[in-house]
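Since the structure comes first, as structure tokens, the remarks are kept for the end.
Reminder, nothing fancy here: chain letters follow the sequence lines and each chain counts from 1.
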Protein chains: 2
Amino acid sequence: MVALVDTGLLGDAPALPERVELQLRERILAGDLRPGTFLRPDRLAVELGVSPTPVREALQALRADDMVRALPRRGFVVAPLDRADVVDLFDVQARITGELAARAAGALDAEGLAGLRARAAEVDALIEAGEPGDLAQAERRFHAALNRASGARKLAWLVGRAAHYLPPRFYTDRRAWRTATVAAHRTLLDALAAGDPDTARAAMEGHVLDGRDLLVAHLEAVGFWDET
Amino acid sequence: MVALVDTGLLGDAPALPERVELQLRERILAGDLRPGTFLRPDRLAVELGVSPTPVREALQALRADDMVRALPRRGFVVAPLDRADVVDLFDVQARITGELAARAAGALDAEGLAGLRARAAEVDALIEAGEPGDLAQAERRFHAALNRASGARKLAWLVGRAAHYLPPRFYTDRRAWRTATVAAHRTLLDALAAGDPDTARAAMEGHVLDGRDLLVAHLEAVGFWDET
DNA sequence: CCGCGACAAATCCCATAGGATATGGTCGCC
DNA sequence: GGCGACCATATCCTATGGGATTTGTCGCGG
């Protein structure tokens, strides 16, 4: 337990179930726990060094996300997920995220735009410097701020779920993604400043679909959908 | 505990956390627990007659759905949800469900079409007879079968989430919904039989948006978004 | 009168133990 | 070899307890 607790920053650190949930997501997306794998709560508790209670809570959260499925009295299984599923999901994500960008283009005031520029600048700076951990976080904050600026609270949450399928730091290492991201952000910000919803939408959709392609390649590489 | 356990059919009955989750969803959508309401796990456990453990697991599942939000060390709150949120969510639902119908139009074989017709006939029969409980279940099965027929597993799950926002039996009582549903299903089945994706998509989108309007009216009626 | 700090009570969060129940495997039997 | 009954194992839930943190109250000083 010490290992897990110590990694979490204090303050308003998420509780244990949420951290266990994150750990399990990472292990699934890393190809460590592939679809069809049986998950035994007690076993996982021992592996993670916590009691069964928070593990079961985390598994319930993952079940609500259809990341795992519950087999009453038999445990849990990692939910099936193939290439077509990922493509479908990210098509939806791209559409919604584009819609949010378009709305933001019409709703942003000067202050909000300045905030977005600042966050984008942080991303650019980290790309220049090469700090992978903070870069993912900065990119996340940029998108979160943009989605929030759209004013569509629930849709913003919905697209935030896409992050559940993004293994940590897997795209920040790709040179292609870095250069594409800088360009996409600039196009996006220009469109937002100009109040041009269509361009903002198109730029954002392209940005998300780039991420999708990278994710598919990653899952391919770790043998995610090799038959069990 | 007896009350909850006895209501569940044996066999592959969902486990207790899932049933508690359902109960909480119903109470939220009934306007009993409005957005902003604090939820105390221990209190809920006493109210529902179960121990705190499955209640906490249910709350974690609801958190993953953004139905409630966790305040570390302080409990949980019912997540904010206003009219615009519901409209946005169901716009997305309508789009995706329409897409699934369009795909099904191209993928259905004779056997699958016959199965869908059978399920639609069940719905029609129950509408004639007037069995509200079974009707909701039959309607659910019809849509589930159609979504499954599209072949898009993950999108089918995603739209299945819309049911989380549908209070049980709230639309089966509406005469307007019944007549509209019979017509919508027929149009849908004809389009599927003819292999006409565009008509299928349009019919399905309209069907979902009808449900959305009913839901908004329901939430209105129970004072869901009256300020706290 | 109002803000503010300390103490007390309540509550959450997690661990642990234990019992009821269902599953899967194994052995004996036909 | 196929089939049905026992048995070990694991899940699921209950109950309990303790550590940690938040909230509410009280008293004090400004």
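Side-chain nitrogen and oxygen atoms of Arg56(A) include at least one within less than 4.0 Å of the OP1 or OP2 phosphate oxygen of dC12(D).
Listed candidates were dA15(C), dC12(D), dT14(D). Nearest to the side chain of Pro54(B) is dT14(D). You'll find that the side chain of Arg43(B) is closest to dT11(C), out of dC14(C), dT11(C), dC12(D). Taking only side-chain atoms of Arg73(A), from C-beta outward, the nucleotide of dT16(C), dA20(C), dC13(D) with the closest atom is dA20(C).
Regarding Asp42(A), its CG atom lies at a distance of 15 Å from the P atom of dG18(C), rounded to whole Å. Across the protein-nucleic acid pair, Leu44(B) atom CG and dC12(C) atom P stand 9 Å apart, rounded to whole Å. Straight-line distance from the CG atom of Leu71(B) to the C1' atom of dC12(C): 12 Å, rounded to whole Å. The separation between Arg40(A) atom CZ and dA8(D) atom P is 19 Å, rounded to whole Å. The interatomic distance linking Glu57(B) (CD) with dC14(C) (P) rounds to 13 Å, in whole Å. In this structure, Leu59(B) atom CG and dC14(C) atom C1' are separated by 15 Å, rounded to whole Å. The distance from atom CG of Leu16(B) to atom P of dA20(C) is 18 Å, rounded to the nearest whole Å.
Side-chain atoms of Asp65(A) and His164(A) include a donor-acceptor pair closer than 3.5 Å. Side-chain contact of Arg140(A) with Gln137(A): a donor-acceptor pair under 3.5 Å is absent, judged by distance alone.
Nucleic acid contact class of Arg74(B) (heavy atoms, under 4.0 Å, all strands): sugar-phosphate only. Among the protein residues, Pro41(B) comes within range of the sugar-phosphate backbone only, with heavy atoms under 4.0 Å from sugar or phosphate atoms but none that close to a base.
Considering CZ of Phe170(B) and CG of Leu214(B), their distance stands at 5.5 Å, rounded to 0.5 Å. Note that CZ of Arg74(A) and CZ of Arg40(A) are 11.0 Å apart. Values are rounded to the nearest 0.5 Å.
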